[in-house]
**Student:** 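Pasting a structure below so you can have a look.
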There are 2 protein chains.
Amino acid sequence: MSKELILQKIEQAAKILNEKDIDMWMTFVRETGNIKDPMIDMLVGTTATWQSAFIITKTGDTHAIIGSLEYENMKAVGTYKNIHPYLKSIKEKFLDVINTIKPNKIAINYSRNSSLADGITYGLYLELLDHFNGTDYASKLISSEEIVAALRGRKSKAEIDIMKEAIVETLKIFDEVTKYLKPGITEKQVAEFVQDITEKRGFGLAWDKEYCPSVFSGPNTAGAHSGPTDRVIEQGHVINMDFGIKYKGYCSDLQRTWYMLRPHEDKAPAEVQRGFDVIKDSITRAANAMKPGKKGFEIDEVTRNYIQISGYEEFPHGLGHQVGRLCHDGGCLMGPKWERYGNLPYMELEESNVFTIEPRLTIENYGIATIEEMVAVTKDGVEWLSERQRDIYLVR
Amino acid sequence: MSKELILQKIEQAAKILNEKDIDMWMTFVRETGNIKDPMIDMLVGTTATWQSAFIITKTGDTHAIIGSLEYENMKAVGTYKNIHPYLKSIKEKFLDVINTIKPNKIAINYSRNSSLADGITYGLYLELLDHFNGTDYASKLISSEEIVAALRGRKSKAEIDIMKEAIVETLKIFDEVTKYLKPGITEKQVAEFVQDITEKRGFGLAWDKEYCPSVFSGPNTAGAHSGPTDRVIEQGHVINMDFGIKYKGYCSDLQRTWYMLRPHEDKAPAEVQRGFDVIKDSITRAANAMKPGKKGFEIDEVTRNYIQISGYEEFPHGLGHQVGRLCHDGGCLMGPKWERYGNLPYMELEESNVFTIEPRLTIENYGIATIEEMVAVTKDGVEWLSERQRDIYLVR
C-alpha cells in the first residue's frame, strides 16, 4: 500500500479507537519475512525482523518500536511519527512508550474468531507477557478484532471504486470463457486459459493459484475449494467457475454457471433451469434482507432455508464473506452458526461492507449451480457491485 | 515444494521424532491465505481455510484433519496418507485421531525463540485448548522448535548443491556490479541494476524487495536492513552491497565490499585496507572455530572480540544466521546473548547446517566494510560454499 493510503487507514483507526473508547492498539510482531501479520501491509508498509511494536493511539499518535538496524528504513517509509530503535532488548523503550500513553485498554493483534486480527503467534505472546512483568498491562489486553473488522470492513468510496473496476475486468474474463468452452476440453484447460489471460493483462489472482479459478463440470464434480481436474467437459454438463483477480491491491470474487447443450437442445432442461432459478432467486432474497445492523447468520438463514424449502440440500459453507485487499476480508460473515465459523456469523453488517453472496445447490445428474455476486452494504440496503447473472449461459 | 520433496521432509521429520522420542508433531492452522505458518510449504504443500491439523507421528504415519470443502484438493495434493474432512466443527475427528495415537508428548507449532516454529497464533491456540477440554492433552504440549531446527537446518546434499548454484549465480551479479559502479550514480541506481538482472534471469529475491539488495556507500551511510537511498557514490567511498537470490526455492545471502579510487590512487588507503583485512581475517577465525557441538554465541564471540581488539566498534547484529528456503532459516544463530535473540545463540551447530558469516565494521571517513560468506558445517569444520572475497574490489 502507498504511504498515503496507510496514513489514511491509521487516521481511520484512530477514529475507530475513539468510537470504541480504546486508548491504544498495538500490533506486535517479529520476523515478518517468515510469518506476516495480516495487518502489517495496511498499518505499517514495511517488514520487521526483531520484536517490533506498532502502536496507534486514540489521539492519532503513532509509535514504532523496532530493531535499530531498521531505523533508517522505517524513517524512509515514513508511516510512523515516533520511531524508537532498540539494540539488545525491546523491553525498556517499549514500556517507556506505553507508560506515556497510560492506556485504559490495550487492543493487540489476537482474536479467537478473526484470522485477520490474530497475527501474534503464541510464542511471541508469551514474550510479550514477559515484557509486561511487574506492570498491570497484561490485565488491560483485549482483542483487536472489532477494530480490524471496522477498519477493513468499512470501505471508502475510493476502495469501492477500485473493486468495481476489478469486477468489470473479471466479468470480461468470464465472457471469454463462454466463448472458449466446448465439449472435450478439461477443467484444467479452462483454468489455464483463464490464468493466461489474467497474467497477460497484468492482474494478480485473488487467491491461491491451485484453485483460482476453480472449475466444476458435470455430476460427480469436486466440492468448492478444489482445484480444476482432468475431468472432461461434456454435453449435458452444468459447468461453473469460481474466480477472482487482484487489481490495484483489491480482490474480486465471482462465480457464473453455464450449461453445455446436447445436440437436440436449444435451452437447458427444466430441472437445470429450475436449479439455476432457485439460486438466482435465493441471491435476490439475501440481498433484500441485507442492511446495517442485521447479523450475518440472519442473512445466511434466509437463503439456506429457501434452498432447502425448494427441495435441495443446504450448501456446505457460508453464504457470503467480505472482500477487500484479501479475498476473505473484514469481520462479519454471512454464515451459519457452525463452530468452525466462531463468532463471525454473530457480528453485524455495517454500511460500506463489501460482501459476496454465493449459495450453491446440486442439480442431480447435471452438476452444481452456483452464482456469486458482490454487493456493498448501503445505509438501508445494498448496492450491486457486479452486474448480475440473470440467465444460465448456454454453450455448445 | 514438489510432492516428492515434501514426502522426503515428512520422512526426515519422523526420524527426528524418533531421535527426540516425541510421538506426534502437529501443525495447527487456519486461513493460511491470510497468515501462513512458515512450515506449511515444507510439510503440507497446499492451503487450509478452516481450522486444520497436520499430524506426523513417530511411526511415519500422517493425518490431515481439514474442512470438508478441501477434501478433494488435499487428496489431489497427495502429501497425507489419512485425510479426515469435517463439516461443522473440527473437534470430534481431531480428538478421534489423537486418541488413536495416544501421544506421550505433542509437539505443536509454537516457540518463544524461533519464528519458524511459531506458526500458531494466540487466538487459535485458545481454540485448540478448548478442543482439548476434558482431556489431558493440553498438559502434553511442547514446542516444536527443536524438530523445526533439525528439519530445516540439516540440509541434504541435494539442497546444498542447489544453494551452491544459487551462490555462483549471485556472485556473477556481484561481478557485474563491479563493472557498473562509477562515480555519480546513486545507491538506488545500483539496486535497480541488480534487480533488473535478477528478474531477466528468472531468479527471485531472497528477501523483501525494499532492501534486496541493500547498497551502502561512503561515510554516514545507513545501517544494515536499510533500503538503498539517493545518496551519490563518490570517489573515496567504501561501498558494499547485501544481496541474495531465490533459486529453485533456496536462498543465497552474500555481501562484498568495493573501494572507489580517487584520481591519484591506485590502491585503497591504508586505513581502508586495514578495515577490510580485519573483516576478512575475522571471518577466517569464525570459520576455524565452527564445528558441530559448538554453541552459536561461541562463534559470534570469536569474531566480535577480534574486531573490538583490533580497535573497531562491535557490530550491532549477530555474526551469522542459517539460510535455506528462507533467508533467515533453521534454529541455531551465531549471535550474541542479547535478549532480542532469545535462546537461538545457545543452540548448537549441527552437521549440514548452512550459515552466513557476516561481520561488519566502520572505517571512519570512508564507509562500512562488510563481507558475507556462506559455509556448510561438516563433521569437523566447515565447507566454504561461496568463493571468498580475498581482496577489496577497486573501482574508478
Side-chain angles (χ1 to χ4, degrees), chain A residues 30-31 33-38 46-47 49-51 67-73 76-77 86-91 110-127 143 145 207-208 210-211 222-227 229 316-317 326-328 336 338-342, chain B residues 30-31 33-38 46-47 49-51 67-73 76-77 86-91 110-127 143 145 207-208 210-211 222-227 229 316-317 326-328 336 338-342:
Chain A
R30 70 176 166 194
E31 286 281 8
N34 291 352
I35 180 164
K36 193 161 85 170
D37 184 291
T46 186
T47 54
T49 305
W50 302 275
Q51 290 183 22
S68 52
L69 291 186
E70 286 166 343
Y71 178 58
E72 295 289 335
N73 184 53
V77 171
Y86 73 87
L87 179 58
K88 298 192 177 177
S89 164
I90 193 174
K91 183 169 178 171
Y110 101 87
S111 165
R112 294 183 65 143
N113 303 292
S114 162
S115 66
L116 292 169
D118 197 28
I120 193 169
T121 52
Y122 177 53
L124 185 59
Y125 176 77
L126 297 178
E127 292 284 300
S143 166
E145 65 190 33
W207 59 90
D208 209 71
E210 281 169 19
Y211 54 100
H225 284 217
S226 294
T229 69
H317 52 70
L326 292 165
C327 177
H328 289 181
W338 295 345
E339 187 176 323
R340 84 170 182 210
Y341 292 127
Chain B
R30 70 175 166 195
E31 285 281 7
N34 290 351
I35 180 165
K36 193 162 86 172
D37 184 290
T46 187
T47 53
T49 304
W50 301 275
Q51 291 183 20
S68 52
L69 291 186
E70 286 164 345
Y71 178 57
E72 295 289 336
N73 184 53
V77 171
Y86 72 87
L87 179 59
K88 297 193 178 176
S89 164
I90 192 174
K91 184 169 176 171
Y110 101 87
S111 165
R112 294 184 65 144
N113 303 292
S114 162
S115 66
L116 292 169
D118 197 29
I120 193 170
T121 52
Y122 177 53
L124 185 59
Y125 177 77
L126 296 178
E127 292 284 301
S143 167
E145 65 190 32
W207 59 90
D208 209 73
E210 280 168 19
Y211 53 101
H225 284 216
S226 294
T229 69
H317 53 70
L326 291 165
C327 179
H328 288 180
W338 295 345
E339 187 176 323
R340 85 172 180 206
Y341 293 127

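Chain letters run A, B, ... following the sequence lines, proteins first, then strands; residues in each count from 1.
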**Student:** Looking at A/K88, A/K91, A/E210, A/E339, which one has more heavy-atom pairs under 4.5 Å with chain B than the rest?
**Tutor:**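 The answer is A/K88.
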**Student:** What distance separates A/L124 CG from B/N113 CG, expressed to the nearest 0.5 Å?
**Tutor:**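 If I round to the nearest 0.5 Å, the distance is 11.0 Å.
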**Student:** Side chain, backbone, both or neither: which part of A/I90 has an atom under 4.5 Å from a heavy atom of chain B?
**Tutor:**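 Neither part, no heavy atoms under 4.5 Å.
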**Student:** Quick check: closest heavy atoms across B/N34 and A/S115, and the distance to 0.1 Å?
**Tutor:**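 Looking at all heavy atoms of both residues, the shortest contact is ND2-OG, 3.1 Å.
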**Student:** Determine the option with the most heavy-atom pairs under 4.5 angstrom with chain A, choosing from B/V77, B/L116, B/T121, B/I120.
**Tutor:**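 With the most close heavy-atom pairs to chain A, the winner is B/T121.
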**Student:** Check whether any side-chain N or O of A/R340 sits under 3.5 Å from a backbone N or O of B/Q51 as a donor-acceptor pair, and report yes or no.
**Tutor:**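 Not a single qualifying donor-acceptor pair exists.
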**Student:** Can you list the residues that meet the ring-ring contact (aromatic ring centres under 6.0 Å, His included) rule with A/Y122, with sequence neighbours excluded?
**Tutor:**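 ring-ring contact (aromatic ring centres under 6.0 Å, His included) check on A/Y122 returns B/Y110, B/Y125.
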**Student:** Taking all non-hydrogen atoms of both residues, which atom of A/I35 and which atom of B/D37 are closest, and how far apart?
**Tutor:**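 Nearest heavy atoms, A/I35 then B/D37: CD1-CA, 4.3 Å.
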**Student:** Quick check: do A/H328 and B/T49 have side-chain heavy atoms less than 4.5 Å from each other?
**Tutor:**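 Of all side-chain heavy-atom pairs linking B/T49 with A/H328, at least one is under 4.5 Å.
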**Student:** So how far is it from B/S111 OG to A/E127 CD, rounded to the nearest 0.5 Å?
**Tutor:**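 Rounded to the nearest 0.5 Å, the OG-CD separation comes to 8.5 Å.
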**Student:** Using a 3.5 Å distance criterion without hydrogens, assess whether the side chain of B/D118 forms a donor-acceptor pair with backbone atoms of A/G123.
**Tutor:**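 Yes.
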**Student:** With a 4.5 angstrom heavy-atom cut-off, is it the side chain or the backbone of B/Y86 that approaches chain A, or both, or neither?
**Tutor:**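 Contact with chain A: backbone and side chain both.
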**Student:** For A/H317 and B/L69, which heavy atoms make the closest approach, and how far apart are they?
**Tutor:**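 In terms of heavy atoms, the two residues are closest at CB-CD1, 3.7 Å.
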**Student:** Given the options A/T46, A/L87, A/D208, which has more heavy-atom pairs under 4.5 Å with chain B than any of the others?
**Tutor:**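 The answer is A/L87.
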